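Quantities reported herein were computed from a predicted structural model and do not represent experimental measurements.
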Amino acid sequence: MLLARAPPALAMPSAASSPPQRESILRPQCVPWPRASVATAATAKAAPVRGGQNHKQVASVANPLVKHCVKLRVSSTYRRSCCRILLVGLVPIMEMCRFEFSSIETLLLLDGIELPEELYEFSGNVVYVSAAVMKKVSGMQSVDSTEATAIIHMPKYFCDLDSSQGGDVLDEWLGYAKRILVLDGIQDPGNLGTLIRSACAFRWDGVFLLPACCDPFNEKALRAARGASLQLPVVSGNWSDLRALMAKSDMKMLAGHPESSGNGSEKTRVLSKELADSLMRESVCLVLGSEGNGLSAETLQACELVNIPMEGTFESLNVSIAGGIFLFMLQTKQQKMAEL
């Protein structure tokens with residue numbers, strides 16, 4: 001998509017209007033970002049208006065909005081307390097707009113960049129920022145490929161089971177699931193985001209994050225997921241929560257495990273078409289562990305271990321690659337038929 005220079009200022013800028021805030025059963029009480037602070041900051045001033053947005057400009061890295069964005073980018077605790085996420089880059093923003101257009105709260109555009117045509121109907125704040133501000137907000141060394149950043153609402157399909165409503169949400173989303181991907185201590189954000197993306201691509205029903213996993217809304221995880229973490233139910237909990245769900249749903253517990261590992265390898269089955277066919281009509285929970293630490297003791301005890309057969313001297317695959325193979329092979333019959 002080609003980006004044109006911003007149009008000249010219109011004579012009659014439209015009045016500001018706030019985007020509708022969707023109620024989510026997951027969203028805890030928090031203080032929303034005060035939009036007024038942007039408008040009243042010394043470095044903010046009116047900018048050209050196109051569509052129904054309220055346009056402003058920010059040139060100083062000391063602006064409160066800039067500090068807010070940086071905290072959203074670097075702090076998981078701050079993201080969850082505000083129920084907001086920072087999405088960096090025009091491509092991820094446009095991908096998200098295909099299914100969650102209304103979740104954008106504030107759009108930051110680099111000075112001189114015109115609002116993309118796909119966002120003309122966006123009715124929230126559009127803030128034009130200097131190159132210095134965009135570098136600070138995005139964490140990038142260059143703004144050559146960073147024309148936009150957006151503050152968006154936390155996805156309605158994300159649940160932290162530490163919250164008071166967690167149990168009810170878990171039953172509502174995953175109580176009747178046929179395929180659940182469980183990640184056990186995946187700390188690399190690129191791997192975690194790629195696995196969520198693969199789960200969405202192969203139409204699994206949700207992702208469950210056990211302790212020690214990185215935040216799925218980490219900036220690198222978001223880029224790797226390419227919007228999947230904003231579409232697919234993602235639940236953060238512990239083994240006690242997972243056991244309760246598995247017992248209620250009568251799910252078969254499988255875990256990916258290297259064939260050559262000496263930790264329980266005598267019980268390991270080989271991933272094959274025959275195994276996949278035998279599980280097509282069953283509910284399946286697949287657990288994948290980190291490359292560094294492998295599967296936790298709880299996973300090894302609770303799951304049937306399955307490995308991917310390989311030739312040569314390689315002991316294992318990158319977890320995101322291995323996960324993609326498992327997720328494809330273990331789809332339900334209905335999912336495979338839909339792809340034919």
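- Using a 4.5 Å cut-off on side-chain heavy atoms (C-beta onward), T268 and V306 make no contact.
- Considering CZ of R203 and CG of L327, their distance stands at 14.0 Å, rounded to 0.5 Å.
- The backbone N or O of L330 lies less than 3.5 Å from a partner atom in the side chain of R179, making a donor-acceptor pair.
- Without hydrogens or angle criteria, R223 side chain to A221 main chain gives no donor-acceptor distance under 3.5 Å.
- By the salt bridge (Lys or Arg N to Asp or Glu O under 4.0 Å) test, K220 is found to be paired with no residue, residues two or more places apart in sequence or in another chain being considered.
- By the side chain to side chain contact (heavy atoms under 4.5 Å, CB included) test, S249 pairs with L245, M251, sequence neighbours left out.
- For the pair S198 (side chain) and L195 (backbone), a donor-acceptor distance under 3.5 Å is absent.
- One finds the CD1 atom of I85 at 11.5 Å from the CD1 atom of I151 (value rounded to the nearest 0.5 Å).
- For the pair V129 and L109, the minimum side-chain heavy-atom distance is 4.5 Å or more.
- Classified by interplanar angle (parallel below 30°, tilted 30° to 60°, perpendicular above 60°), the ring pair H68/Y78 is perpendicular.
- Taking S75 as the reference, nothing meets the side chain to side chain donor-acceptor pair (under 3.5 Å) condition, with sequence neighbours excluded.
- When side chains are defined from C-beta on, I180 counts as touching M246, because their heavy atoms get closer than 4.5 Å.
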Legend entry - Residue pair V127, L65: steps toward the side-chain contact (heavy atoms from CB on, under 4.5 Å) verdict: CA-CA 10 Å; V127 181; L65 176 62; 4.0 Å; yes

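- Checked by atom type, the side-chain pair S296/D184 shows a donor-acceptor distance below 3.5 Å.
- The line from CH2 of W204 to CZ of F328 is 12.5 Å long, rounded to the nearest 0.5 Å.
- A 4.5 Å side-chain heavy-atom check between N238 and D241 finds at least one atom pair inside the cut-off.
- Residue pairs meeting the ring-ring contact (aromatic ring centres under 6.0 Å, His included) criterion with at least one member in residues 283-304: none, sequence neighbours excluded.
- Side-chain atoms of N307 come within 3.5 Å of backbone N or O of R269 as a donor-acceptor pair.
- Residues forming a side chain to side chain contact (heavy atoms under 4.5 Å, CB included) with K178 (at least two apart in sequence, or on another chain): D205, S283, T332.
- Residues satisfying the salt bridge (Lys or Arg N to Asp or Glu O under 4.0 Å) criterion with D188, sequence neighbours excluded, are absent altogether.
- In terms of the side chain to side chain contact (heavy atoms under 4.5 Å, CB included) criterion, residue partners of K252 (sequence neighbours excluded) are, by chain and number, L254, L279, E282, E304.
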Legend entry - L183 and V319: CA distance, side-chain angles, deciding distance, side-chain contact (heavy atoms from CB on, under 4.5 Å) verdict: CA-CA 10 Å; L183 302 182; V319 66; over 6 Å; no

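- In this structure, F326 has no ring-ring contact (aromatic ring centres under 6.0 Å, His included) partners at least two apart in sequence or on a different chain.
- Screening residues 57-77 for salt bridge (Lys or Arg N to Asp or Glu O under 4.0 Å), with sequence neighbours left out, gives R73-E219.
- Considering only residues two or more places apart in sequence or on other chains, R79 meets the salt bridge (Lys or Arg N to Asp or Glu O under 4.0 Å) condition with D215.
- Legend: residues meeting side chain to side chain contact (heavy atoms under 4.5 Å, CB included) with P92, ordered by chain and number and at least two apart, are L87.
- S229 contributes no side-chain N or O that, together with a main-chain N or O of A225, makes up a donor-acceptor pair within less than 3.5 Å.
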Inset, instruction - Kindly determine whether L242 and V182 satisfy side-chain contact (heavy atoms from CB on, under 4.5 Å), including the steps that lead there. - result: CA-CA 9 Å; L242 185 59; V182 178; 3.8 Å; yes

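- With sequence neighbours left out, S142 forms a side chain to side chain donor-acceptor pair (under 3.5 Å) with D144.
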